[in-house]
Amino acid sequence: MSYEHIEVPDDGTKVSAEDGELDVPDDPIIPILYGDGTGVDVGPAAQKVLSAAAEATGREVHWMRVYAGESAREKYGEDVNLPDETVDAIREHRVAIKGPLTTPVGAGFRSLNVALRQTLDLYANVRPTYYLDGVPSPMANPEEMDMVTFRENTEDVYAGIEWEAGTEEVEQVREFVEEELGFDETIHDGPVGIGVKPISEFGTKRLVREAIDYALEQENKQFVTLVHKGNIMKFTEGAFRDWGYEVAREEYGDEVITEDTLWEERDGEPPADAVVVNDRIADNMLQQIQTRTDQYDVLAMPNLNGDYISDACGAQIGGLGIAPGANFGEARCLAEPVHGSAPKYAGEDKVNPSAMILSGRILFEYMGWEDAGQLIRDAVEAQIQSGRVTYDIERQIEGGERVGTDAFADEVVEQIEKLA
Ligand code: NAD
């Protein structure tokens with residue numbers, strides 16, 4: 001495929017897929033989008049660390065720059081925020097990594113992140129939250145945090161079906177809801193904004209399957225918790241819980257059991273090799289991640305719960321400078337840090353690139369490069385323990401020394417070389 005502004009590397013091989021399984025060469029072409037704001041700092045920094053980890057494990061990444069947000073407007077013209085060829089290139093190469101993209105608040109500008117996830121049908125947003133030794137944390141026992149959140153990425157109130165107060169559309173919806181559906185005393189008089197919250201069987205089941213499959217693959221992940229607000233929103237969040245349990249009961253045989261069976265038949269003691277599916281109400285879960293951290297492994301959630309709860313998990317292990325993530329679809333992955341573009345620090349060589357580096361770790365592990373992934377984790381941890389860290393960590397530890405984004409990445413590369 002040829003592109004207008006994207007330069008395809010001269011060498012390298014495309015990652016392909018057959019029957020939902022990735023076929024990953026040792027010299028993959030991987031699209032990289034640096035992103036807006038501090039993306040120009042963390043993007044190149046992460047890129048060199050990831051190249052070093054690949055090289056140390058006998059591979060070579062051929063990076064292919066793609067553009068969105070400000071970088072797209074510069075290259076493609078003022079109104080082009082998400083060029084078609086960026087989406088095509090990511091789709092065609094199956095795996096990619098991106099930095100943050102700015103979403104101005106207000107009308108007329110759809111979130112590019114949401115657009116990318118929806119266009120590429122990246123339906124699972126996955127955020128592993130684990131503690132790296134030496135990172136400052138507000139918790140007494142931060143090492144107990146080792147959870148992976150699976151957030152549904154394509155529906156819920158993020159579907160974008162909403163109407164502004166004062167518009168003809170919102171009044172049509174009000175009339176329909178009041179007169180046709182009988183909710184005549186429910187919506188207050190006067191201006192009102194209305195949104196729709198779709199939660200489907202299809203969207204729920206494919207997300208919960210991903211979470212259960214992941215737990216089955218991992219040795220140390222036994223519990224999959226469905227996090228919902230079904231006590232209030234019975235037909236959306238409650239349905240998420242019911243469809244989630246249905247997947248567990250109907251599709252996995254003895255490999256997966258549900259919490260009620262656990263108590264009825266086994267006195268609360270799970271068999272060593274089975275995955276147990278349970279559920280918790282979202283507000284309770286926000287407490288449990290702090291008070292019973294070690295009892296949870298994998299959380300599967302609708303979009304909004306996932307947004308809140310994954311950030312709360314991230315706060316326990318050092319915050320946005322550290323927290324990595326990735327979006328998954330059918331045999332495709334777009335890795336991205338949890339943090340945004342922090343515009344006030346853009347181009348200052350200041351922010352922490354660890355979140356984007358560790359997002360690359362998720363991507364590499366998905367590609368089957370577990371050794372490179374482990375190396376990245378250990379190298380970032382060793383660098384943090386050395387005390388030469390970016391401002392966000394330095395200000396919270398005693399005796400640390402502040403380094404910039406680029407120097408931090410260079411030193412992580414040195415750690416990789418030492419550890420390899
Ligand atoms: P933000 O994550 O950009 O920044 C909030 C604060 O977190 C910063 O002021 C900084 O103190 C800290 N921070 C963020 N990244 C850091 C890093 N790498 N190292 C150290 N500290 C870091 O959140 P925001 O200010 O709410 O959003 C700014 C823009 O980013 C908005 O336009 C928002 O829509 C967008 N955003 C994009 C994504 C994404 O691309 N996936 C995610 C969240 C927000």
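Just so you know, residue 1 is the first one in the sequence shown, and it goes up from there. Computed over heavy atoms, backbone and side chain alike; hydrogens, waters and symmetry mates excluded. First listed ligand is number 1; within each ligand, the first listed atom is number 1.
Not a single heavy atom of Thr38 sits less than 4.0 Å from an atom of ligand 1. Taking 4.0 Å as the cut-off, Val338 counts as a neighbour of ligand 1 on heavy-atom distance. Within the structure, the closest approach of Lys98 to ligand 1 falls below 4.0 Å when heavy atoms are considered. Ligand 1 lies out of reach of Ala355, whose nearest heavy atom is not under 4.0 Å from it. Heavy-atom separations between Met356 and ligand 1 are all 4.0 Å or longer.
Ligand 1 has no N or O atom lying under 3.5 Å from any N or O atom of Pro100, backbone or side chain. On a distance-only criterion, Pro343 and ligand 1 share no N/O pair closer than 3.5 Å. Of the N or O atoms in Glu336, one or more lie within a sub-3.5 Å distance of an N or O in ligand 1. Ligand 1 has an N or O atom lying under 3.5 Å from an N or O atom of Ala342, backbone or side chain.
Atoms of ligand 1 lying under 4.0 Å from at least one heavy atom of Val351, given by number and element, are 17 (C), 18 (N), 19 (N). In the vicinity of Lys344, heavy-atom distances shorter than 4.0 Å reach the ligand 1 atoms 9 (O). In summary, the atoms of ligand 1 found under 4.0 Å from a heavy atom of Asn113, numbered by their order in the structure, are 37 (C), 38 (C), 39 (C), 40 (O), 41 (N). Residue contact check: Asp392 has heavy atoms under 4.0 Å from atoms 20 (C) of ligand 1.
Side chains of Asp297 and Asn220: a donor-acceptor N/O pair is absent below 3.5 angstrom, by distance only. No hydrogens or angles considered: a donor-acceptor pair under 3.5 Å links the side chains of Asp307 and Tyr158. A donor-acceptor pair shorter than 3.5 Å can be found between the side chains of Thr13 and Asp27.
By the criterion of a heavy-atom distance under 4.0 Å, both the backbone and the side chain of Thr103 are placed next to ligand 1. Under 4.0 Å from ligand 1, the heavy atoms of Leu320 that appear belong solely to its side chain. Within the 4.0 Å heavy-atom criterion, both parts of Thr102, backbone and side chain, lie near ligand 1.
Residues Asp146 and Lys221 are paired through a salt bridge, judged by an N-O separation under 4.0 Å between the basic side chain and the carboxylate. Classification of Lys197 and Glu237 as a salt-bridged pair holds, one side-chain N sitting under 4.0 Å from a carboxylate O.
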Kindly determine whether Arg206 and Glu330 satisfy salt bridge (Lys or Arg N to Asp or Glu O under 4.0 Å), including the steps that lead there. CA-CA 10 Å; Arg206 67 178 178 172; Glu330 296 301 333; 5.3 Å; no

Let's go through Tyr76 and His5 carefully: what are the C-alpha distance in whole Å and the side-chain angles of both, what is the deciding distance for ring pair (Phe, Tyr, Trp, His ring centres under 6.0 Å) to 0.1 Å, and is it a yes or a no? CA-CA 8 Å; Tyr76 295 80; His5 290 295; 4.6 Å; yes

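Remark: side-chain polar atoms of Asn125 are not paired, donor with acceptor, to backbone N or O of Asn327 under 3.5 angstrom.
Seen from the ring of Tyr366, Arg94 does not count as a face-on cation partner, given the 6.0 Å and 45° thresholds. Cation-pi geometry between Arg65 and Tyr34 is met: under 6.0 angstrom from the ring centre, within 45 degrees of the axis.
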